[in-house]
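Throughout, protein chains are lettered first and strands after them, A, B, ... in sequence-line order, and every chain is numbered starting at 1. Values reported hereafter were calculated over all heavy atoms of this structure, with side chains retained and with hydrogens, waters and symmetry mates removed. Keep in mind that what you see is a predicted model, and the values were worked out from it rather than measured.
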Amino acid sequence: MTDVLVVAELLDGKMRKTTLSAITLAKKIADGTGGKFDVLSIGAGAKAAAAELATYGARKVFATEVAGGYIAEKFAPTVADLATKGAYGVVTATASTYGKDLMPRVGARLSAGVASDVSDVSTEGGKLVYKRPMYAGNVFGYVEVTTKVQVVSARQSEFEAAAPAGAASPIEDVAAVTDAAASRVEFMGLESVKSARPELAEASVVVSGGRALKSAENFKTVLEPLVDAMGAAMGASRAACDAGYVPNDLQVGQTGKVVAPKLYVAVGISGAIQHLAGMKGSKVIVAINKDKEAPIAQVADYFLVGDLFTVIPQLTEEVKKAKAAH
Amino acid sequence: MKILVPIKRVADPDNANKIKVAADGQKVTSDGLEWKLNPFDEYAVESALRLNENAKTSEKLGETIVVSIGNKDVGQTMRQALAMGADRGVLVAAEDDQLDSLVVARALKAIVDQEKPDLVLMGKQAVDGDSNTAGQMLAEMLGWPMATFAATIATTDGGKSFVVGREVDTGVLTLKVTGPCVITVDLRIVTPTAVKNGVTPADHPYADGARYASLKGIMAAKKKPIAETDLKTLAVEATPATKYSKFELPPARKGGAVFVASVEELVQKLRTEAKVL
Ligand SMILES: Cc1cc2nc3c(=O)[nH]c(=O)nc-3n(C[C@H](O)[C@H](O)[C@H](O)COP(=O)(O)OP(=O)(O)OC[C@H]3O[C@@H](n4cnc5c(N)ncnc54)[C@H](O)[C@@H]3O)c2cc1C
Ligand SMILES: Nc1ncnc2c1ncn2[C@@H]1O[C@H](COP(=O)(O)O)[C@@H](O)[C@H]1O
């Protein structure tokens, strides 16, 4: 029987959807071992966010108000303290940049082993075995954590978002625990580029552009119409981000976002190992490239050889037509 | 300032698709692949060197020490960092199967306790295990603040603090951390103006990427000291808290790409065959 503590991710006082993947992981462990899962809402606006978090079937939702922006040094002591008091077997969050930053710190505080960015868990015989991608997704490792408490982060694209379930969980306030390290770090700000398009990690269609787009202007005038015609999220290769064509947070790959949409369209992207690591879990992959030997062919289901500057405007029109017809 | 840079060698990341798994699933093998300095660690070395130099006058402003835990062969990889300009190395001998992030962080803590650096600057992730955990664990063990996934670093308060731009999912999160602290670096830390130390002119034209070792650097590296120690001497508890029971290759994507002749054919296939449009 393993009880699981889920650490929610908040932004602007609201739950981020990333949280729902960690809840799915927690449910799987709790159901598989006959345990329960609780959720910790922590940060600015934690109490308000707790009300929403209480709709996902947790035994209990804890709320810890922490003023100001997110700082791991302020969160980790509280998470670790609650984990110990509640005798949880697993503490988990989603492996967004938030979970990746926070959870290892929690792990070290608990002298616990950390399994990061896991794509699955099995619970046969009460023993938890985590599956995790390694070597840019070229190997899967199956790992057990041998410490009393296990710290785990869940790869968002591999755990479906949990759906609301049953009656509201009771909410309990928990005081923040502080630590000296927090006095030496100051949150100065978060600069985000707002977009009306779906978030990369949540979209069912992703259209990504690469170096071949050649400019920020071309992303706007050539690629964006296709992105919007498909109702997609926009992604990019590292080369396109580095060149400043699009903001860095659109980068898909080993060091960017990992996506696994129903449809992924790679436009003018060669398909370097580090890029593939972020998208090869997609259900259907389309490559549009003028070089039919480009390594993206190794993972593509459909490959259209051609110059993107002719092909993409045509494709945009065809997609519009097809959508209008249905 | 005194900067400690933990480095790891990894099997050539650009050929990671050639990694194999032994028939019994017990081991990952990288036979035939070259060992390379983990790219993020190479970027950490570059950023440490930028922090510790006046690039205009080539004057050195501090000491950069590289440390690696592992098989003794990592000494070769370490020479690469020394050839780039790091001053000396510390090699902590260990068998790879003794190591996970918890053990690595403990060993690094032992070295930090000895060396007392002002800053530990490291890669955010070793691209073999793709864990992205050692830096955060080390910071917690030391009771130090941290800034992970740094895309920019600027020293402030006379070199005592760092303003760090962190690349996060939702944009760029800026932290000010006061040393001693741990900073883990992301890709863009090696862009031309990502690191500012207040001494090198802010508009200094650094090349994009990590510097190459010059011939002179390679010669000099041969004479730079590498101190050797091991986990036992450092009294590090060398039992990993994670145990891999099995490895496997991901299932191959079915049968290669279908080449379509036209936009119309593509749209038709996406609608009727793949049913995703
Ligand atoms: C440590 C590390 C981490 C990395 N992490 C990532 C990551 O997370 N994500 C990522 O994407 N990369 C990452 N990279 C970089 C990666 O190795 C590649 O350099 C990068 O993905 C290349 O981007 P690209 O495909 O856009 O550019 P290129 O490789 O230059 O490919 C451009 C493609 O466009 C095609 N093309 C050119 N003109 C046209 C045209 N008119 N019409 C159609 N096709 C055309 C070309 O045939 C080519 O295939 C990482 C690298 C390192 C070292
Ligand atoms: N064996 C090692 N020796 C030295 N540094 C290491 C070792 N393993 C990991 N590191 C450091 O920790 C960082 C994060 O690694 P990881 O948590 O394994 O992804 C790397 O970029 C290195 O700086």
Check: [Y] main-chain N/O paired with [X] side-chain donor or acceptor under 3.5 Å:
X      : Y      : answer
A:R132 : B:G129 : yes
A:T97  : B:D169 : yes
A:E73  : B:M146 : yes
A:R184 : B:G179 : yes
B:Q136 : A:K100 : yes
A:S192 : B:T170 : yes

Pick one of side chain, backbone, both or neither for [X], based on which atoms fall under 4.5 Å of a heavy atom in chain A.
X      : value
B:V21  : side chain
B:S262 : backbone
B:N15  : backbone
B:V260 : both
B:A139 : both
B:A261 : backbone
B:L138 : neither
B:F162 : neither
B:K124 : side chain
B:P39  : neither
B:L249 : both
B:L187 : both
B:Q125 : side chain
B:V28  : side chain

Distance only, no hydrogens: is a donor on one side chain within 3.5 Å (strictly under) of an acceptor on the other, for B:E265 and A:Y302?
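Looking only at side-chain atoms, A:Y302 and B:E265 do not form any donor-acceptor pair under 3.5 Å.
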
Taking atom types as modelled, is there a side-chain donor on B:Y244 or A:E144 under 3.5 Å from an acceptor on the other?
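The answer is no; no qualifying pair exists.
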
Would B:K269 and A:D301 count as a salt bridge (charged side-chain N to carboxylate O under 4.0 Å, His left out) here? Give the steps.
CA-CA 10 Å; B:K269 285 220 147 70; A:D301 298 287; over 6 Å; no

Go through it in stages, so that I can follow the logic: the residues are B:T242 and A:V114, the test is side chain to side chain contact (heavy atoms under 4.5 Å, CB included), and I'd like the CA-CA distance, side-chain angles, deciding distance and then a yes or no.
CA-CA 7 Å; B:T242 46; A:V114 178; 6.0 Å; no

Electrostatic pair B:R166-A:D101, nearest N-O below 4.0 angstrom
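Judged by the 4.0 Å cut-off on N to carboxylate O distance, B:R166 and A:D101 do form a salt bridge.
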
At a heavy-atom separation under 4.5 Å, does [X] approach chain B through its side chain, its backbone, both, or neither?
X      : answer
A:M103 : neither
A:K131 : side chain
A:T310 : neither

With a 4.5 Å cut-off on side-chain heavy atoms, are A:D242 and B:R188 touching?
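Side-chain contact under 4.5 Å: yes.
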
Are B:D14 and A:I273 packed together at the side-chain level, in the sense that at least one heavy-atom pair is separated by less than 4.5 angstrom?
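Side-chain contact under 4.5 Å: no.
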
Counting heavy atoms not belonging to B:E264, are there more than 12 under 6.0 Å from its CD?
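Yes, because the 6.0 Å sphere around CD of B:E264 holds more than 12 heavy atoms from other groups.
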
Interatomic distance, B:F149 atom CZ to A:T255 atom OG1 [nearest 0.5 angstrom]
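So the gap between those two atoms works out to 11.5 Å.
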
